[in-house]
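These figures come from a predicted structure and were not determined experimentally.
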Amino acid sequence: MKHLSLAARYRPQTFAEVAGQEMVVAALSRAAERDSPAPAYLLSGTRGVGKTTIARIFAKALNCEHAPAAEPCNECAQCRKIAAGAHVDVTEIDGASNNSVEDARALREHIGYAPMDGRYKVFIIDEAHMLSRSAFNALLKTLEEPPERVVFIFATTEAHKFPVTIVSRCQHFVFRHLGEDALAAHLVRTLHAEGRDYEDAAVRLIARRAAGSVRDAMSLLDQTLALGGARLDAETTRQVLGLAGQELFTRLFGALSTQDCAEAAATSRALLTQGVDIGFFLRELAGHWRNLFLLRQGGGAALAALSLPEDEAAWLTTTAGNFSAPHLHAAWQMTLDAQRGITQSPEPAAALELLLLNLALLPRLLPLERLDGLSAAPQGQAGDAPGAALARPKPPTAPVGEQAPTKDIARETATQPAPSAAPKPAPAEPAPTAETAPEPAPKTVEQSGGAERAGKATAAPATFQPDWASFCAFCARELEAGRPAPPAHALHGLEVDWQDGTLQLRAPARALLHQVEKHRPALEAALAAYCGGAAPTLDIVAPRPRRSQGELMAEFSKRPELQHCFEVLGAELAHCTEMAAPGAPGTSGAPASGKP
């Protein structure tokens, strides 16, 4: 006896049995009940969502001996012939193998004859986007003025390939992906019909793996039941379908929370050794990041909305406490962005390992103000409020990965005196403890609220070493707290010279100068708060007007170090260009090329 797959054995035979396409079912059922079908229908959607199945049910409803009716009876001779594919007036055509203009002309000639056995002639063209443009053009007149009692049904997975002239002559219904709950319910009905015992986690796993396709879900269920035991359980389902087990995810998230790169790489190798489906593993990983983020933000309310199995909910609740909300959000985004690149990469194993290592080092790869102190404390507190991490201490060293212009950091580093070169205090003056402390004074300002900022005003000005990158991070936190501070776009791209109680900001362009002047009051208020009341003098310098090449060459040729080249070698300046960041005042700082 020939074995029928579960997808073929439990294919819906009435509109009521179709899962998930309520809008399409309602429209076609009402058209059959009123005996007023449209000349042509276009059914589009991803694979395995019921396009051909609904087309057959509609053909049965139109030709049923009890028609017009909302549902076919599936008992009369007409319904049985259509179900068996033997009805003379219901024709199913494969668009991929019958796509020429000659096939369309033969179809058009066949349409002219009246129905022989049923009430309607129904032509179901599957994968209709494969028809050639000439074949589509040959059908235009027929679709616009079809003979009486003729219905066309086009089924396609790529509706964007249809000519607009065809789409405008059809009633277009878009089939949607089935949600995980709808697919799980459909699988449970099938398991009950088969008399098989099952675990809810296994059914959920197959529904998630099917990605909205009923046919994929039924095929995966058939495969699992064929290779599994008498009972459908989650562990066997993962082994049969090549999916990562819960122990691997537990191991991976433990490594990510402790920034253990060696363990993350070992987990990647274990995934490949077990033959895990990388594409679905990435989907599950992104789903776990999503659930962890929602649990971290919403707590018990989010847990109730996620409808997770009890063991998975307990594991996610425990794991969420090991990460901060910004960390989870950034990891979720990074995983989603990497999915397509990894699955299509010529080296998917290496790409996957790189993603896992990046996720492990995420606190060091992103600015600290976005991770809310994650580098200082990778394991956040589970009970923290969404903004509570802002108050956590910052590390004493300079932040890694601050998004500030490299030239600004270099200028500030060059202008700050080295600790060994700092003058020793006079013996008569008491040496403050802060002078010998290993951590800079701005750390106290960044960690504190308004009360500690007020206390900062009494600190000795000599111990205060400002940093532009940390000041930008401070402004971001002030804005988030609702206190006056300039926005980030007004601070980036400036040339900074911060020393001797003066902060000089040079804007490279007039537009940026306008932005800085516009936010000057907020900038001065933020400087006062950052420096504890002893704010430096703010000097905003307009961009220097650009000079012509002749002016630059005339200035450059006067440099003493070049006179020897001019006199002895007979060199000449050929080109001179002004750099965006000039050197010492009074010089062009521009490279020049010479020729003898």
Side-chain angles (χ1 to χ4, degrees), residues 177-188 191 197-212 217 220-221 224 228 231-241 243-258 263-264 267 271 276-277 280-336 339 356 359 362 374 378-386 388-389:
H177 285 75
L178 266 73
E180 185 176 323
D181 293 338
L183 274 178
H186 187 72
L187 293 175
V188 166
L191 288 169
D197 194 13
Y198 62 90
E199 288 183 0
D200 289 337
V203 174
R204 287 277 177 182
L205 193 60
I206 294 176
R208 196 179 309 153
R209 177 68 175 82
L220 293 172
L221 178 62
T224 308
R231 186 171 187 264
L232 182 68
D233 60 85
E235 184 62 29
T236 304
T237 301
R238 288 186 177 275
Q239 292 177 0
V240 171
L241 302 182
L243 308 180
Q246 187 60 46
E247 69 283 352
L248 272 176
F249 281 108
T250 303
R251 176 182 173 186
L252 174 62
F253 278 92
L256 298 181
S257 65
T258 58
E263 182 64 16
T267 306
L271 290 169
V276 170
D277 183 345
F280 185 67
F281 167 75
L282 291 172
R283 283 174 48 200
E284 278 200 294
L285 181 60
H288 283 322
W289 286 124
R290 168 189 175 269
N291 293 337
L292 288 170
F293 177 74
L294 295 178
L295 286 175
R296 191 72 171 81
Q297 292 291 85
L303 184 61
L306 292 175
S307 301
L308 299 171
E310 185 176 350
D311 54 344
E312 184 176 352
W315 174 73
L316 287 173
T317 303
T318 303
T319 307
N322 298 332
F323 301 90
S324 70
H327 188 182
L328 295 172
H329 187 275
W332 181 15
Q333 181 67 51
M334 183 183 294
T335 305
L336 287 176
Q339 283 188 43
L356 298 184
L359 291 173
L362 186 58
L374 187 61
Q379 297 184 353
Q381 301 300 321
D384 286 351

At their closest point, which heavy atom of A207 faces which heavy atom of L183, and how far apart are they?
O-CD1, 3.6 Å

Using a 4.5 Å cut-off on heavy atoms from C-beta on, say whether the side chain of D181 contacts that of R204.
yes

May I ask you to test the W315-H288 pair for a side-chain heavy-atom distance under 4.5 Å?
yes

Locate the shortest heavy-atom distance separating D233 from T237; write the atom from each residue and the value.
O-OG1, 2.8 Å

Less than 4.5 Å apart, any side-chain heavy atom of L285 and any of L252?
yes

Enter the distance from T319:OG1 to F249:CZ here, rounded to the nearest 0.5 Å.
11.5 Å

All heavy atoms of L220 vs all of A210, minimum pair found to be CD1-N, 4.1 Å

What one should report as the nearest heavy-atom pair of R296 and A320 is CD-O, 3.2 Å

Nearest heavy atoms of A264 and L356, plus distance in Å
O-CD1, 3.9 Å

In terms of heavy-atom contacts, L362 and A330 come closest through CD2-CB, 3.9 Å

Closer than 3.5 angstrom, by distance alone: can the side chain of T236 be matched with the main-chain N or O of L232 as a donor-acceptor pair?
no

Do the side chains of T224 and Y198 get nearer than 4.5 Å, heavy atoms only?
no

Could you measure the distance from the CZ atom of F253 to the OG1 atom of T267? Nearest 0.5 Å is fine.
11.0 Å

Whether the side chain of R209 engages the backbone of F280 through a donor-acceptor N/O pair (distance < 3.5 Å, no angle test) should be reported.
no

Any sub-3.5 Å donor-acceptor pair from R208's side-chain atoms to E284's backbone N or O?
no

In this structure, are over 12 heavy atoms from other groups packed under 6.0 Å from H329 atom NE2?
no

With a 4.5 Å limit on heavy-atom distance, are the side chains of F281 and L248 in contact?
no

Counting C-beta onward and ignoring hydrogens, is there a side-chain heavy-atom pair between F323 and L256 closer than 4.5 Å?
yes

